[in-house]
Colleague: 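There's a structure below that I have some questions on.
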Amino acid sequence: MSGKAKDILQLDLYGLLGIERAATTKEIKKAYRQKALTCHPDKNPDNPKAVELFHQLSQALEVLTDAAAKAAYDKICDAKKRAEERTQKLDDKRKKIKLDLEARERQAETQTQEEVQITRTLEEEIARLREEGSRQLEEEQRLIREQIQREREAQQQQTGGYPQTNSGVERCSRSSVTPKLKLKWKCRKDDETNGGYSQDLLSRLLQKYGDLLNVIVSSKKKGSAVVEFATVRAAELAFKNESGLSENPLKISWLEGQPEVITTAAQPSQFMSSQSALTNERDYESVVMMKMRQAAERQKLIEQMQRDDEEDGGS
């Protein structure tokens, strides 16, 4: 394509002349004369743009008054118009895609913020429930301990100091040994949560049965602990009733202080009275001895657990 053709294609020939595309040759010439007179170089000697405009008007007249040239020019104009329309549609489509993308991003950001807020709210509610549940658990455990204590005192008053079952079976244990239970549960060696159990959790699970003297969770052997109770009754209740976490139940066995079952035959009331008096005289001495030995027993218990851990590790 020649430079002249390129120049013409850059022009809107119909616009230069101010005519419609369907104008006749006569109308084209008339429009040319009117425009050319206003910008003729002779009338505008000091206006360089007048020369350029006059030249463009001449090109418009030359092309549009020739049928073949006009047809070729119109064809190119049509092609350019279609291309512009496609570009416009594409731009509109791209613009719509961009707007849709921005809208989705805003929606996603809003949803993300909502999810974060919902998650934060849920975490706050769980924390609140845990706190309230902890207070409720502590209160319930306190009430249970008080009830057990009242039942124990009432039973001791009825039987002269020692509880007695309905079948006439008396339970007793050596007063010099504090009752201890051994706890086991499933736990993998690489489980940092120790199967879900900790010293604090075990204390909260077991203290509802009575006072605890010591809770020792083995640091070497996963899934093992020893609990020392203040009374045999508390240890018995824990042994019979506690199951631990539902997803990881406890296996509880006696370690020390398990009460022996002694069947007592019917005895004359005078003999029972004298036996009770003799027992009461020994109570004070037994309690004193037990208090003196408890500290030593705790140390002994820790050493025993360490030996058990080493033996289990060796096996």
Side-chain angles (χ1 to χ4, degrees), residues 1-133 188 190-193 196 247:
M1 184 180 294
S2 65
K4 183 177 181 180
K6 289 182 180 180
D7 292 340
I8 292 175
L9 290 177
Q10 301 300 320
L11 300 175
D12 179 8
L13 302 183
Y14 295 105
L16 280 172
L17 296 176
I19 59 175
E20 298 294 333
R21 184 170 175 175
T24 62
T25 301
K26 184 178 179 180
E27 292 172 338
I28 294 172
K29 290 180 179 180
K30 181 178 179 181
Y32 169 75
R33 285 194 295 270
Q34 292 175 347
K35 294 284 184 179
L37 286 173
T38 60
C39 63
H40 195 281
D42 293 343
K43 290 186 176 184
N44 302 277
D46 299 327
N47 185 2
K49 291 185 177 180
V51 177
E52 182 180 0
L53 179 58
F54 183 80
H55 177 66
Q56 292 175 350
L57 289 171
S58 300
Q59 289 179 316
L61 177 66
E62 183 181 15
V63 171
L64 298 181
T65 54
D66 184 87
K70 181 177 182 300
Y73 175 78
D74 289 345
K75 188 174 182 180
I76 292 175
C77 287
D78 291 339
K80 287 176 65 177
K81 184 176 180 181
R82 289 193 298 269
E84 289 174 355
E85 290 175 351
R86 287 195 301 269
T87 301
Q88 182 64 38
K89 289 181 180 179
L90 183 60
D91 290 342
D92 291 342
K93 185 175 181 181
R94 288 174 179 172
K95 184 177 181 180
K96 185 176 183 303
I97 291 174
K98 181 182 179 182
L99 293 175
D100 291 343
L101 179 60
E102 291 175 349
R104 285 197 297 270
E105 289 176 349
R106 287 194 299 269
Q107 182 179 5
E109 183 178 358
T110 302
Q111 290 177 348
T112 301
Q113 292 175 352
E114 290 177 355
E115 291 172 358
V116 170
Q117 181 61 39
I118 291 172
T119 302
R120 184 181 297 112
T121 302
L122 179 59
E123 290 174 350
E124 291 172 354
E125 290 300 319
I126 290 175
R128 180 185 61 80
L129 289 175
R130 284 179 178 173
E131 182 179 355
E132 292 180 358
R188 300 189 306 273
D190 58 348
D191 186 358
E192 296 181 356
T193 66
E247 64 271 16

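All values below were derived from every heavy atom in this structure, side-chain atoms included, with hydrogens, water molecules and symmetry-related copies excluded. Here, residue 1 is the first one in the sequence, and each next residue gets the next number.
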Colleague: Do you know the tightest heavy-atom contact between Asp42 and Pro45?
Modeller: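 In terms of heavy atoms, the two residues are closest at O-CD, 3.8 Å.
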Colleague: How long is the gap from CG on Asp91 to NZ on Lys96, to the nearest 0.5 Å?
Modeller: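 Asp91 CG to Lys96 NZ: 15.0 Å, rounded to 0.5 Å.
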Colleague: Is the closest basic N to carboxylate O distance between Lys70 and Asp66 below 4.0 Å?
Modeller: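 No, no charged N to carboxylate O under 4.0 Å.
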Colleague: With side chains defined as the heavy atoms from C-beta onward, is the minimum distance between Arg33 and Lys30 less than 4.5 Å?
Modeller: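 With C-beta onward as the side chain, the pair touches.
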Colleague: Go through the structure and list residues passing side chain to side chain contact (heavy atoms under 4.5 Å, CB included) with Ala72, not counting sequence neighbours.
Modeller: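 Result, side chain to side chain contact (heavy atoms under 4.5 Å, CB included) vs Ala72: none returned.
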Colleague: Kindly give the heavy-atom pair with the smallest separation between Asn44 and Ala50, and that separation in Å.
Modeller: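 Taking every non-hydrogen atom into account, CB-CB, 3.5 Å.
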Colleague: Show the nearest heavy-atom pair for residues Leu16 and Leu57, with the distance to one decimal.
Modeller: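 So the minimum-distance heavy-atom pair works out to O-CD2, 3.7 Å.
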Colleague: Donor-acceptor pair, distance only, cut-off 3.5 Å: does the side chain of Asp12 make one with the backbone of Gly15?
Modeller: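 Checking the backbone N and O of Gly15 against the side chain of Asp12, a donor-acceptor pair under 3.5 Å is found.
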Colleague: For Glu102, look at atom CD and say whether over 12 heavy atoms of other residues, nucleotides or ligands are found less than 6.0 Å away.
Modeller: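 Count over threshold, so yes.
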Colleague: Please list, chain by chain and in numerical order, all residues satisfying side chain to side chain contact (heavy atoms under 4.5 Å, CB included) with Lys80, sequence neighbours excluded.
Modeller: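 Lys80 satisfies side chain to side chain contact (heavy atoms under 4.5 Å, CB included) with Ile76 once adjacent residues are dropped.
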Colleague: Just to verify, what does Thr24 make a side chain to side chain contact (heavy atoms under 4.5 Å, CB included) with, not counting sequence neighbours?
Modeller: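 By the side chain to side chain contact (heavy atoms under 4.5 Å, CB included) rule, Thr24 matches Lys26, Glu27.
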Colleague: What is the distance from atom SG of Cys39 to atom NZ of Lys49, rounded to the nearest 0.5 Å?
Modeller: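 So the gap between those two atoms works out to 13.5 Å.
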Colleague: Using 0.5 Å steps for rounding, measure from the CG atom of Leu64 to the CD1 atom of Ile19.
Modeller: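 The distance works out to 5.5 Å.
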Colleague: Within the structure provided, determine whether Leu61 and Leu17 are in side-chain contact (heavy-atom separation under 4.5 Å).
Modeller: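 They are not in contact (no side-chain heavy atoms under 4.5 Å apart), so the answer is no.
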Colleague: To the nearest 0.5 Å, how far apart are CG in Asp74 and NZ in Lys81?
Modeller: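 Rounded to the nearest 0.5 Å, the CG-NZ separation comes out at 11.5 Å.
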Colleague: Any non-hydrogen side-chain atom of Lys43 less than 4.5 Å from a side-chain atom of Leu37?
Modeller: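 Sidechains of Leu37 and Lys43: in contact.
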Colleague: I need the Arg94 CZ to Leu99 CG distance, nearest 0.5 Å.
Modeller: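 Here the interatomic distance stands at 14.0 Å.
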Colleague: Can you find a side-chain donor-acceptor pair between Asp78 and Tyr73 that sits under 3.5 Å?
Modeller: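 Absent: no donor and acceptor within the cut-off.
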Colleague: Minimum heavy-atom separation for Ile28 and Thr65, please, with both atom names.
Modeller: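 So the two residues come closest at CG2-CG2, 3.9 Å.
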Colleague: Output a table of donor-acceptor pairs, distance under 3.5 Å, between side-chain atoms of residues 82-89 and any protein atom two or more places apart or on a different chain; print 'none' if there are none.
Modeller:
| unit_1 | atom_1 | unit_2 | atom_2 | d |
| --- | --- | --- | --- | --- |
| Thr87 | OG1 | Ala83 | O | 2.8 |
| Gln88 | NE2 | Asp92 | OD1 | 3.0 |

Colleague: Got a sec, which pairs hit ring pair (Phe, Tyr, Trp, His ring centres under 6.0 Å) with one end in residues 21-49, sequence neighbours left out?
Modeller: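 Listed once each, the pairs are His40-Phe54.
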Colleague: Report the residues that fulfil side chain to side chain contact (heavy atoms under 4.5 Å, CB included) with Asp190, sequence neighbours left out, ordered by chain and then residue number.
Modeller: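 Result, side chain to side chain contact (heavy atoms under 4.5 Å, CB included) vs Asp190: Arg188.
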